[in-house]
Amino acid sequence: MEYREAIMAAWLMNIGRFLDEGAQGLVRRCGKVLEACLDTEKLLGILSGEPEYEAERRLAEEAFHLSLWESEASEKLAKGRNLTSVFSRVTVKDQARPQKMYYSIKKESPGAVFPREEGSDEERKKLALEFIEELRSLEHHLPESWADFIVVFDGLLRKYAWCITASDYEGEDVSLYNQSRIAGAAAACMLRSRDPEGRHFKLVVGDFSGIQNYVFSVANVSEKGVAKRLRARSFYVDVAVSAIAQDIIFRFDLTQNHILMLTGGKFYLLLPNTEDSDRLLEAIEREIEESFLSLFKGQIAIHLAWITMGPEGLKDYSRSVTEIMRVLGDKKSRAFHHSLTDEKGWTEDKFNLYEELAGKHVCRSCLRELTDRDRNHCANCAMQTEIGARLPRTRYLSYYRGEREGTYHIYGDYWIGLWPEFRRDGAFLTEQINGTGLPDEARGAPVKIRYMANYIPVDDQGEVMTFQDMAEAARGAKRLAVLKADVDTLGYIFADGLRTGKRHFGTISRVNTMSRFLEIFFSGYVNEVLTRDRAYRNVYSVFSGGDDLFLIGPWDVMPGLAEKISRDFRDFAAKNPALTISAAVSVFQPREHIANMAELSEKSLKYVKNHTVRELYPGKTGRDGVRFLGQLFSWEDLGRQLEIWERLARLLERKLVSTNTLKRIGTYSRMYREFLMSHDVMSLMFEPLFHYDRQRNYGELENRKERQKDEDLRWFLDDYVGDLSENAADLRVIKKNLFFAEAAVACGMNLTKEERG
């Protein structure tokens, strides 16, 4: 049975959803490109169902059905060929399914993945024509191998067919791009496996364990080069798991479409269940353990887990992911098991990390590795400093098997190059970072687009800003803030959020469609926000990808950035109330240890997940909110308070209101919160105190209002202060502005002076 032609037939089986001429028309029009690595006559024979290729045709059709998994439907559900947002299908518990939303038909970009309106069929035809033209343009730049061709074809299909629905029926929310590449992977697995019981597939997961401890254990912020090593460590998490994923598919002689997901320090692979697949995976697992034990002395680990699946494992892929995560949890509980033990028990000599201590001292950066006394930094930290310095100028990331000049060792025989421009130098894969189009010299080369939230702020002279520089850029108090956020209950959403009645729609293509869109939002769109919005030009992206983010910047802009990301995420997720974000904005002095920032921010985010203010949000148990200055806000309340903070700051700057006036309002706010939470009548003293304060001290303000007719002052007296105390003693009326006034006062004052208590 022909290997490549059957796989390509599976890729193309559903291409008629995009191209009116169908798969055979594509092959005929682009034959010169396909002939470089395929027998196009055989491919056409398979697609047309010629008797000679009946077995290959059946296999391609089976792979197509496995990738889409639809039951028979009596009527069409989708409107036209626009992809329905997969987030429109998600429901939590008894929630009704939200209204469907659709993607416009256009080339993929971070800004395009916001579902809004339908595109016309004319837009599809125009996009299809551009796809054919770009594929045909490779006639003069032919890929050099089958593996290279798959990278190129995958990139083109992603660029043009991401927004096309794979079906008019149940698969209306499955991207044609995802369905096609998985059909190709399934066909390859079935060709290679031939398992008599039909269990043709191995689902493999790789997980980088201890990401936060590794990224943030960079000694103290006073050590020179710490910012470079911080971004280098975050970057290393991505490239290390990527290199291992590349190694596995290389050893199995597979192509890039067998990597189902690669983000956030984790990958999923679909491999064939062959006679020696378990043995090969066990050997790779041992090599990974030995490598990371040697390089990092057990500080970090990459765990590998796998399960065997039949067709049902692709249909109920959500259950398969749940199952493999249980296996992964067991592997994590036995970290370095192969390396540290044998049949007799512990291998004691493996616990001797250093045999020679003479002339050595602890690295000043990581405080973990030993180095020669004439050197301040260990080899790992020295390499990280170099990588961190090059990352701001890196536009292309190239992967090599074997060392090349100017490259860095990652794992095993895998090295990476960080280049400001594209180069053809033997790389088996190159990733263009946040690119919008490949240069002509990259045509036909194995290059793909990779979204990466790698924004690094620079000053007016083009120098990378330090943490102190970022703090100095803040209005008022010169402090930093960390924004840490992630998607709520995402594990539940993947496991059960795609269930409707007795039907579970968590198929492999649908789950991967959802995963890829989340990656585009957090890696691509968040990076665009930081890059293009001048309000956030001084914010540093430590990491953002998968379903979470960690950003550092001037404290004054971070609450607004958090609110914007949450608001945009709702639009991205088809305005589905089941998909929300929780966040914590934590303020620090600029010389605070980065590890301490990370730890406290993580605790604050967990607090948001597990707590609520019942008096303000009855029936809410946590999540879908933000914590700032010690208080919990709903996203709607934070948005309203942001405007109040700015108006209070303007009043202070123009000396229309004194700091003492605002401090007293903060005191009344604290007493009001105590009254709401404890019902202590003594706390009700805020009401007469507030009344007396207004009678005695607001006369001058009232007169100034009459004299100057100032808009901000009128707002403060008539709208803000007037609303704070009205019916505040009535427990049936919650005064949110009064509840949050202490935080508003603190924010307003810190926006206008350099240091406040």
Side-chain angles (χ1 to χ4, degrees), residues 92 210-213 215-216 264 479-493 522 539 542-544 546-553 555-567 569-570 577-589 592-642 645 666 669-670 672-678 734 736 738-747 750 757:
V92 175
I211 292 177
Q212 183 160 303
N213 287 337
V215 170
F216 297 114
R479 297 177 186 173
L480 289 174
V482 168
L483 167 56
K484 186 167 176 55
D486 65 19
V487 179
D488 296 318
T489 62
L490 192 60
Y492 172 84
I493 287 170
F522 281 96
V539 176
V542 179
F543 63 77
S544 181
D547 72 321
D548 64 348
L549 56 81
F550 188 104
L551 311 177
I552 300 178
W555 76 272
D556 60 311
V557 302
M558 301 304 271
L561 177 57
E563 194 272 337
K564 174 177 174 55
I565 290 173
S566 172
R567 179 165 25 91
F569 182 79
R570 288 183 184 275
L579 290 138
T580 59
I581 282 180
S582 292
V585 178
S586 307
V587 180
F588 301 98
Q589 295 290 347
E592 183 75 45
H593 195 300
I594 185 65
N596 195 43
M597 291 186 194
E599 181 181 358
L600 293 176
S601 297
E602 178 66 21
K603 287 181 179 178
S604 191
L605 180 57
K606 287 182 178 178
Y607 187 89
V608 178
K609 299 279 190 179
N610 298 299
H611 293 81
T612 188
V613 182
R614 298 188 186 279
E615 293 77 13
L616 294 183
Y617 313 116
K620 192 167 182 274
T621 57
R623 307 186 189 94
D624 190 20
V626 58
R627 193 180 190 205
F628 177 57
L629 296 181
Q631 292 201 23
L632 286 171
F633 300 84
S634 71
W635 289 110
E636 294 76 12
D637 285 336
L638 177 65
R640 286 189 285 266
Q641 291 300 312
L642 286 171
W645 301 344
S669 171
R670 185 166 57 254
Y672 176 63
R673 293 200 310 275
E674 292 171 357
F675 165 66
L676 284 181
M677 295 177 181
S678 67
I734 303 298
K736 287 188 176 181
L738 183 55
F739 190 95
F740 294 123
E742 185 176 23
V745 166
C747 221
N750 280 304

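For the numbers below, each heavy atom of this structure counts, side chains included, while hydrogens, waters and symmetry mates do not. Along the sequence shown, residues carry numbers from 1. In this text the structure is predicted, and so the values were computed from the model without any measurement.
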Ring pair (Phe, Tyr, Trp, His ring centres under 6.0 Å) involving Tyr607 - partner list, sequence neighbours excluded: His611
Expected output: side-chain Ser601 to main-chain Met597 donor-acceptor under 3.5 Å: yes
Verdict with supporting geometry, Val613 and Met677, side chain to side chain contact (heavy atoms under 4.5 Å, CB included): CA-CA 9 Å; Val613 182; Met677 295 177 181; 4.1 Å; yes
Minimum heavy-atom distance between Ser544 and Leu549, given as atom pair plus value: OG-CB, 3.4 Å
Residues forming a side-chain hydrogen bond (donor to acceptor under 3.5 Å, both in side chains) with Arg623, sequence neighbours excluded: none
Spatial distance of atom CZ (Phe216) from atom NE2 (His593) [nearest 0.5 Å]: 11.5 Å
Test applied, side-chain contact (heavy atoms from CB on, under 4.5 Å); reference residue, Ser582; option that passes from Lys484, Arg627, Lys609: Lys609
Listed once per pair and sorted, the salt bridge (charged side-chain N to carboxylate O under 4.0 Å, His left out) pairs that draw on residues 631-642, sequence neighbours left out: Asp637-Arg640, Asp637-Lys736
Minimum-distance pair of heavy atoms, taken over all atoms of Val608 and Ala583: CG2-O, 3.4 Å
Sequence-distant partners of Leu676, side-chain contact (heavy atoms from CB on, under 4.5 Å), two or more places apart: Glu615, Tyr672, Leu731, Ile734, Phe739
Heavy-atom donor-acceptor pair, Tyr617 side chain to Thr612 backbone, under 3.5 Å: no
Results of side-chain contact (heavy atoms from CB on, under 4.5 Å) for Ala578 - residues two or more places apart only: Val90, Val92, Gln95, Asn576
Set of residues satisfying ring pair (Phe, Tyr, Trp, His ring centres under 6.0 Å) with respect to Phe675, sequence neighbours excluded: none
Under the side-chain hydrogen bond (donor to acceptor under 3.5 Å, both in side chains) test, residues paired with Trp645 that sit two or more places apart: none
Counterpart residues, salt bridge (charged side-chain N to carboxylate O under 4.0 Å, His left out), relative to Arg570 (two or more places apart): Asp624
Residues which pass side-chain contact (heavy atoms from CB on, under 4.5 Å) with Asn610, listed by chain and number, not counting sequence neighbours: Lys606
Any residue meeting side-chain hydrogen bond (donor to acceptor under 3.5 Å, both in side chains) with Thr580, in chain and number order, not counting sequence neighbours: Asp488
Derivation and outcome, side chain to side chain contact (heavy atoms under 4.5 Å, CB included), residues Leu551 and Leu561: CA-CA 10 Å; Leu551 311 177; Leu561 177 57; 3.7 Å; yes
Stepwise side chain to side chain contact (heavy atoms under 4.5 Å, CB included) test for Val482 and Phe550: CA-CA 7 Å; Val482 168; Phe550 188 104; 3.5 Å; yes
Centroid-centroid under 6.0 Å between Phe633 and Phe628 rings: no
Atom of Ala481, atom of Val585 and distance for their closest heavy-atom approach: CB-CG1, 4.0 Å
Closest non-hydrogen atom pair between Ile211 and Gly264, with its separation: CD1-O, 3.9 Å
With sequence neighbours excluded, residues passing side-chain hydrogen bond (donor to acceptor under 3.5 Å, both in side chains) with Gln631: none
For Arg670, all residues meeting side-chain contact (heavy atoms from CB on, under 4.5 Å), sequence neighbours excluded: Thr667, Arg673, Glu674, Glu742
Trp555 side-chain N/O to Ser586 backbone N/O, donor-acceptor pair under 3.5 Å: no
Shortest non-hydrogen contact between Leu632 and Phe740, atoms and distance: O-CE2, 3.4 Å
Sidechain N-carboxylate O distance under 4.0 Å for Arg479, Asp556: no
